[in-house]
Amino acid sequence: MSTSPRALVVVGGDDTHHDLLGAADVLTRIGASAGFATSPAVGMQRFVDARPETADADVFVLYDSGASFPAAQQAALAASVAAGKGVVALHMSNVMGDPEGADSAFHALLGNHYLSHGPGHHEGRHRIEIVAAHPITEGVDDFELFDEYYEFAFAADDHTVLAERTRDDGVRIPVLYVREVGEGRVVYLALGHDMRAWGEPPFRRLLAQAIRWAGRA
């Protein structure tokens with residue numbers, strides 16, 4: 001009998017600006033729609049001596065804001081990805097910790113760290129442009145959604161940008177990219193602040209296909 005691949009949606013942090021409970025529910029449903037046996041979990045202190053729900057996951061979907069993530073836990077996650085697991089990190093998950101300090105292992109794995117919301121308003125309706133063909137972007141055309149703006153700095157050049165937005169001043173900002181780390185796969189999607197984004201069909205399709213790609217389904 002075949003076994004479904006497994007996804008673990010991990011939420012955490014104490015930033016009340018983000019709806020962790022809502023995210024846990026919606027993202028778990030999207031993972032299930034991608035064909036994964038998907039469960040929600042709280043907190044990043046789970047990768048050292050991992051319990052079965054973590055150890056058996058094929059892909060981790062992260063929606064974490066300021067969550068405690070000790071260096072040993074970061075190293076354990078990075079090792080599991082290098083050995084073949086996947087990570088799909090959403091929105092503010094690139095804010096955790098100091099990319100130059102004890103949290104450098106996670107940022108090296110993710111491949112970016114948060115800079116700011118950019119100039120002007122921190123959220124609004126904007127257009128997302130698909131800029132590369134990939135299994136994650138298959139069947140998704142350019143679309144609009146209301147979301148919070150995120151800008152970040154890449155840690156290295158070993159990534160492929162799949163989608164961008166254009167600021168009012170004409171500067172193009174990446175919102176979706178992929179990279180490979182050892183035998184594993186990493187996706188970062190800057191979108192997904194709340195239900196105004198989570199409810200958009202293009203967002204849901206991108207995320208479902210990101211989970212399938214990162215989880216090698």
Minimum heavy-atom separation for [X] to [Y], with atom names?
X	Y	result
A132	T137	O-OG1, 2.9 Å
V59	F36	CG1-CE2, 3.7 Å
I30	A208	CG2-N, 3.8 Å
N94	F152	ND2-CB, 3.7 Å
A57	L8	CB-CB, 4.0 Å
G31	I211	CA-CD1, 3.8 Å

Does a side-chain heavy-atom distance below 4.5 Å link [X] with [Y]?
X	Y	answer
D142	I128	no
E200	D147	no
R185	R179	no
Y177	L162	no
Y188	L176	no
M44	V10	yes
V9	T38	yes
V87	F106	no

Without swapping roles, check the side chain of [X] against the backbone of [Y] for a donor-acceptor pair under 3.5 Å.
X	Y	result
E129	R165	no
H107	N112	yes
T28	V26	no
R127	F143	no
K85	F60	no
H134	I136	yes
R204	W198	yes

Answer yes or no: are there more than 12 heavy-atom neighbours, outside D49 itself, under 6.0 Å from its atom CG?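 Open.
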Got more than 12 heavy atoms from elsewhere within 6.0 Å of CG, D157?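 No, because the 6.0 Å sphere around CG of D157 holds 12 heavy atoms or fewer from other groups.
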Using a strict threshold of under 4.0 Å (side-chain N to carboxylate O), is an ion pair present between E151 and R167?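 Yes.
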salt_bridge(D56, R6) N-O dist < 4.0 Å: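 Between R6 and D56 there is no salt bridge, as every charged N stays at least 4.0 Å from the carboxylate O atoms.
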Any chance you could lay out the side chain to side chain contact (heavy atoms under 4.5 Å, CB included) test for V186 and V178, step after step, and finish with the verdict? CA-CA 6 Å; V186 175; V178 296; over 6 Å; no
Could you go step by step and tell me if L189 and V88 meet the side chain to side chain contact (heavy atoms under 4.5 Å, CB included) rule? CA-CA 8 Å; L189 177 59; V88 179; 5.5 Å; no
Got a sec, which residues hit ring pair (Phe, Tyr, Trp, His ring centres under 6.0 Å) with F146, two or more places apart in sequence or on another chain?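 So F146 forms no ring pair (Phe, Tyr, Trp, His ring centres under 6.0 Å) with any residue.
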Would you please say whether a donor-acceptor pair under 3.5 Å links the side chains of H126 and E144?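 There is no such pair (donor and acceptor under 3.5 Å, judged by atom type) between the side chains of H126 and E144.
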Say whether V131 and V171 are linked into one hydrophobic cluster, either directly or through other cluster members, by side-chain heavy-atom distances under 4.5 angstrom.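 The answer is no; the residues belong to distinct hydrophobic clusters.
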Same hydrophobic cluster for I173 and V187, using side-chain heavy-atom links shorter than 4.5 Å among ILVMFWY?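 No, because I173 and V187 fall into different hydrophobic clusters, even though each may have its own neighbours under 4.5 Å.
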Decide if the gap between the ring center of H122 and the ring center of Y149 is smaller than 6.0 angstrom.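 Centroid separation for H122 and Y149: 6.0 Å or greater.
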Find the distance between [atom1] ([X]) and [atom2] ([Y]) and round it off to the nearest 0.5 Å.
X	Y	atom1	atom2	value
R196	R125	CZ	CZ	11.0 Å
L191	L145	CG	CG	5.5 Å
S104	H113	OG	NE2	12.0 Å

Under the side chain to side chain contact (heavy atoms under 4.5 Å, CB included) criterion, do L27 and L207 qualify, and how do the steps go? CA-CA 9 Å; L27 303 180; L207 179 55; 3.5 Å; yes
Can you sort out the partners of E53 under salt bridge (Lys or Arg N to Asp or Glu O under 4.0 Å), two or more places apart, ordered by chain and number?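 By the salt bridge (Lys or Arg N to Asp or Glu O under 4.0 Å) rule, E53 matches R51.
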Could you tell me which residues satisfy salt bridge (Lys or Arg N to Asp or Glu O under 4.0 Å) with E138, sequence neighbours excluded, listed by chain and number?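 Result, salt bridge (Lys or Arg N to Asp or Glu O under 4.0 Å) vs E138: none returned.
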Could you check whether the rings of Y150 and Y114 sit parallel, tilted or perpendicular, using 30° and 60° as the cut-offs?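 Rings of Y150 and Y114: tilted, as their planes differ by 30° to 60°.
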Distance-only donor-acceptor hits, side chain of residues 61-73, under 3.5 Å, sequence neighbours excluded:
from : atom 1 : to   : atom 2 : distance (Å)
Y63  : OH     : H193 : O      : 2.7
D64  : OD2    : G12  : N      : 3.0
S65  : OG     : D15  : OD2    : 3.0
S68  : OG     : Q45  : NE2    : 3.3
Q73  : OE1    : R46  : N      : 3.2
Q73  : OE1    : F47  : N      : 2.7
Q73  : OE1    : V48  : N      : 3.0

For A50, which residues count as a side-chain contact (heavy atoms from CB on, under 4.5 Å) partner, sequence neighbours excluded?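 With sequence neighbours excluded, A50 shows a side-chain contact (heavy atoms from CB on, under 4.5 Å) to T54, A55, given in chain and number order.
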Return each pair, listed once, that meets salt bridge (Lys or Arg N to Asp or Glu O under 4.0 Å) where at least one residue sits in residues 23-39; pairs must be two or more places apart or across chains.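 Output for this query lists D25-R29.
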